[in-house]
Amino acid sequence: MALSRKLVQQRSSVFGSRSMSWWRSVEPAPKDPILGVTEAFLADPSPDKVNVGVGAYRDDNGKPVVLQCVREAERRIAGNLNMEYLPMGGSVKMVEETLKLAYGENSEHIKDKRIAAVQALSGTGACRLFADFQKRFRPESQIYIPVPTWANHHNIWRDAHVPQKTFHYYHPETKGLDFAGLVDDIRNAPNGSFFLLHACAHNPTGVDPSEEQWKEISKLIKERGHFPFFDMAYQGFASGDPERDAKAIRIFLEDGHLIGIAQSYAKNMGLYGQRVGCLSVLCEDEKQAVAVKSQLQMLARPMYSNPPVHGALVVSTILGDQELKTLWLKEVEGMADRIIGMRTALRENLEKVGSPLSWEHVTNQIGMFCYSGMTPEQVDRLTNEFHIYMTRNGRISMAGVTTGNVGYLANAIHEVTKST
Ligand code: PLA
């Protein structure tokens, strides 16, 4: 008896020490540069705190918004919903409506069934699915990513094991597009490279190419035989009109490119946590599109099997109904307008508090973000002294600025930038 107890003890200590060693080498991961800001904000008890970190739309009282069209769609759905699995490629109706937004209501490509498209786990999931697809079928290729870009782009293509290169995009001195650098990089990339482009409202810079510049970019990418992949996370947030914000994509389509697009309803329908989006790949013909779609599904199946149903149903209910779609378009415009108003207010307040610096870029930039030009050290002071939370690259989420906090924000920005 005593012996067997000893044996048990020995055994458990062997198993115990072995199981302890399994994760001994695991170090804590670095904080996410964007979502880590939200964590720090939530932990701060100060009543003055302001969160202009993550790109999440707030109303003028700083409250999260559920769009009226979404509320109405949910009302219509309620009770009619079963909880069955969607197909691996997601809701066919949602995907159909989503393609119209990107490729155009009367797109030939949709009619010709040349687009392989699946519902994706919002914009992130669409990018990741594409990155995995790229790795599987073009394993030798690399992806060119703009500098700067949404930080998660680097993680996504890294985890898909696609080698990354960067291309020039933003010019810190002019606070505008580095068009010459961008053009050079497209020219010098090996033929047949993948280029990641923000379709509109570039994150984090708020700087988009002009229509003329897009035309040149498109021609050059075609000449060099590159593959353009568009991340369209903010359709509607640049101009207030989703149709106008699809301009860059339409230019590429006119030029006869084969393209890929990641679409997201997180921002423009306020469906952040529902994780609803779409990945599409324009193919040479219907047969190829069928094959590509089947492979995208094949990638999804062992990862998450099939996408969530609720958000997809909300989207298809809204976009499939003229009245709700009109309401949605009005609400998107309303969100974009409030942000534009806050840009003007921030600039005016900075000028009012006597900042000698130029803040013209605050109103020139478009979309959800203002790329302020503040240094990481200045951002740290904003956080430590003023409880203002934002990413250390100086990006301000204009969607978190309100009539109530814009004066406080401007004053704090002036305080930390006046000695430069
Ligand atoms: N692509 C870009 C360019 C983005 O800015 C974001 C979100 C996404 C894709 C992914 O969005 P989704 O998966 O929610 O559809 N960027 C946010 C949030 C708004 C984040 O970092 O996840 C941002 O604050 O930059």
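First listed ligand is number 1; within each ligand, the first listed atom is number 1.
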Checking a contact table here: which protein heavy atom is nearest atom 14 (O) of ligand 1, and how many Å away? R275 NH1, 2.9 Å
Among all the protein's non-hydrogen atoms, which is closest to atom 7 (C) of ligand 1, and how far away is it? K267 NZ, 3.0 Å
Any idea which part of R395 is under 4.0 Å from ligand 1, heavy-atom wise: side chain, backbone, both or neither? side chain
Would you list the pairs meeting ring pair (Phe, Tyr, Trp, His ring centres under 6.0 Å) in which at least one residue belongs to residues 290-330, sequence neighbours left out? none
Report yes or no: does M368 have a heavy atom closer than 4.0 Å to ligand 1? no
Element-labelled atoms of ligand 1 that are located less than 4.0 Å from some non-hydrogen atom of A233: 1 (N), 2 (C), 4 (C), 9 (C)
Give yes if a backbone or side-chain nitrogen or oxygen of H198 is under 3.5 Å from a nitrogen or oxygen of ligand 1, and no if not. no
According to ring pair (Phe, Tyr, Trp, His ring centres under 6.0 Å), does anything in residues 73-125 pair up with another residue at least two apart or in another chain? List the pairs. none
Atom 12 (P) of ligand 1 - nearest protein heavy atom and its distance: S122 OG, 3.3 Å
Give me the ring orientation class for F194 and F227: parallel if the planes are under 30° apart, tilted from 30 to 60°, perpendicular past 60°. tilted
Proximity to ligand 1 by part of Y234, non-hydrogen separation under 4.0 Å: side chain
Does the distance from a Lys or Arg side-chain N to an Asp or Glu carboxylate O, for K100 and E97, drop under 4.0 Å? yes
Taking only Lys NZ, Arg NE, NH1 and NH2, and the carboxylate oxygens of Asp or Glu, determine whether R136 and D132 approach each other closer than 4.0 Å. no
Check this for me - ligand 1, G123, N or O atoms closer than 3.5 angstrom, yes or no? yes
SB check E105 K325 (cutoff 4.0 Å): yes
Could you tell me whether N203 approaches ligand 1 through its side chain, its backbone, both or neither, with non-hydrogen atoms closer than 4.0 Å? side chain
Pairs of nitrogen or oxygen atoms closer than 3.5 Å, one from G55 and one from ligand 1: do any exist? yes
Return the residue, atom name and 0.1 Å-rounded distance of the protein heavy atom closest to atom 18 (C) of ligand 1. V54 CG2, 3.9 Å
Kindly assign one of parallel, tilted or perpendicular to the pair F252 and W214, based on the angle between their ring planes and the thresholds 30° and 60°. perpendicular
To check your reading of the model: name the closest protein heavy atom to atom 13 (O) of ligand 1, its residue, and the distance in Å. T124 OG1, 2.5 Å
Hey, is E72 close enough to R75 for a salt bridge, meaning N to O under 4.0 Å? yes
So is K49 actually on top of Y389's ring, under 6.0 Å and inside 45° of the axis? no
Among protein heavy atoms, which sits nearest to atom 20 (C) of ligand 1, and what does the distance come to when rounded to 0.1 Å? W150 NE1, 3.5 Å
Give me the nearest non-hydrogen protein atom to atom 3 (C) of ligand 1 as residue plus atom name, then the distance to 0.1 Å. D231 OD2, 3.4 Å
Would you say Y272 has any N or O atom under 3.5 Å from an N or O of ligand 1, going by distance alone? no
Which atoms of ligand 1 have any heavy atom of A266 under 4.0 Å away? 14 (O), 15 (O)
Give me the ring orientation class for W150 and H153: parallel if the planes are under 30° apart, tilted from 30 to 60°, perpendicular past 60°. perpendicular
Between the side chains of E243 and R250, is the shortest nitrogen-to-carboxylate-oxygen separation below 4.0 Å, so that they form an ion pair? yes
Hey, does H202 sit under 4.0 Å from ligand 1 if you only count heavy atoms? no
